[in-house]
Amino acid sequence: MKKVVLGIFIMMFGLAFVSCSEEKNLKAVLESAEKDGANWSEEEWREAFKVALKAAKPMLEDMKAIENVAKEQGQEDRGKKLEELVENMKNYEQLSRQIMALGDAAQETEAGRKVYEDKNLQKELARELGMEDLIKE
């Protein structure tokens with residue numbers, strides 16, 4: 001039993017570490033985009049958006065959970081679940097600001113704007129990252 005508990009603890013610690021590292025990667029990409037984005041190629045912008053999408057995955061999963069709970073009918077504790085999920089979304093305020101800032105930086109460059117507006121690329125990245133069901137058209 002102790003091994004199971006220890007295994008679960010290690011797994012949860014690993015998930016938290018990966019989540020934090022994704023946000024740190026996004027912060028570094030954002031800083032670089034704001035500084036040097038004007039000189040970036042379309043491929044560099046593509047990679048920047050890929051990092052942003054990876055960092056956004058937990059937030060998108062929580063948004064999907066909110067949507068799913070809201071669609072449930074006849075559930076007595078639905079309001080409480082929605083309240084908890086919405087409260088959890090506050091954890092993503094900084095992440096949201098960073099993603100929006102990356103989009104703003106992209107809009108200021110020709111290559112960035114082209115990648116930002118490419119809906120096929122967005123679908124491709126979502127598919128590549130296994131997030132097709134999280135991205136709305």
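These numbers were taken from a predicted model, which means no experiment stands behind them.
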Trace of the side-chain hydrogen bond (donor to acceptor under 3.5 Å, both in side chains) decision for Asn91 with Asn88: CA-CA 6 Å; Asn91 296 329; Asn88 192 42; 2.6 Å; yes

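- How far CD of Gln122 is from CD of Glu117: 9.5 Å, rounded to the nearest 0.5 Å.
- By the 6.0 Å contact criterion, CD on Glu43 is enclosed, its count of non-hydrogen atoms from other residues, nucleotides or ligands being greater than 12.
- Residues Ala33 and Trp45 share a closest heavy-atom pair of CB-CH2, 3.8 Å.
- Atom CE of Met100 sits in a sparse spot, with 12 or fewer heavy atoms from other residues, nucleotides or ligands closer than 6.0 Å.
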Stepwise side chain to side chain contact (heavy atoms under 4.5 Å, CB included) check, Trp40 with Val115: CA-CA 11 Å; Trp40 282 7; Val115 172; over 6 Å; no

Side chain to side chain contact (heavy atoms under 4.5 Å, CB included) between Leu129 and Lys57, worked out: CA-CA 9 Å; Leu129 297 171; Lys57 187 173 183 175; over 6 Å; no

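- A 4.5 Å side-chain heavy-atom check between Lys114 and Glu110 finds every atom pair outside the cut-off.
- Atom CG in Asp62 sits 13.0 Å away from atom CD in Glu67 (nearest 0.5 Å).
- Distance NZ/Lys123 to CG/Asp118: 10.0 Å, rounded to 0.5 Å.
- Nearest heavy-atom pair across Lys54 and Pro58 is O-CD, 4.0 Å.
- Ion pairing between a basic and an acidic side chain is recognised when a charged N comes within 4.0 Å of a carboxylate O; Glu124 and Arg46 show such pairing.
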Worked verdict on Ile99 versus Leu53 for side chain to side chain contact (heavy atoms under 4.5 Å, CB included): CA-CA 9 Å; Ile99 291 170; Leu53 195 55; over 6 Å; no

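- Around atom CE of Met63, no more than 12 heavy atoms belonging to other residues, nucleotides or ligands sit under 6.0 Å away.
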Test side chain to side chain contact (heavy atoms under 4.5 Å, CB included) applied to Glu87 and Glu83, step by step: CA-CA 6 Å; Glu87 183 67 27; Glu83 187 177 314; 5.6 Å; no

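- Across all non-hydrogen atoms, the minimal contact from Ala52 to Leu102 is CB-CD2, 3.7 Å.
- Taking OG1 of Thr109 as the reference point, atom CD of Glu44 lies at 10.5 Å (rounded to 0.5 Å).
- The CG atom of Leu30 sits 13.5 Å away from atom NZ of Lys35, with the distance rounded to the nearest 0.5 Å.
- Not one N or O on the side chain of Glu31 forms a donor-acceptor pair closer than 3.5 Å with the backbone of Ala28.
- The NZ atom of Lys50 sits 15.0 Å away from the CG atom of Leu26 when rounded to the nearest 0.5 Å.
- Atom CZ of Phe49 has more than 12 heavy atoms from other residues, nucleotides or ligands within 6.0 Å.
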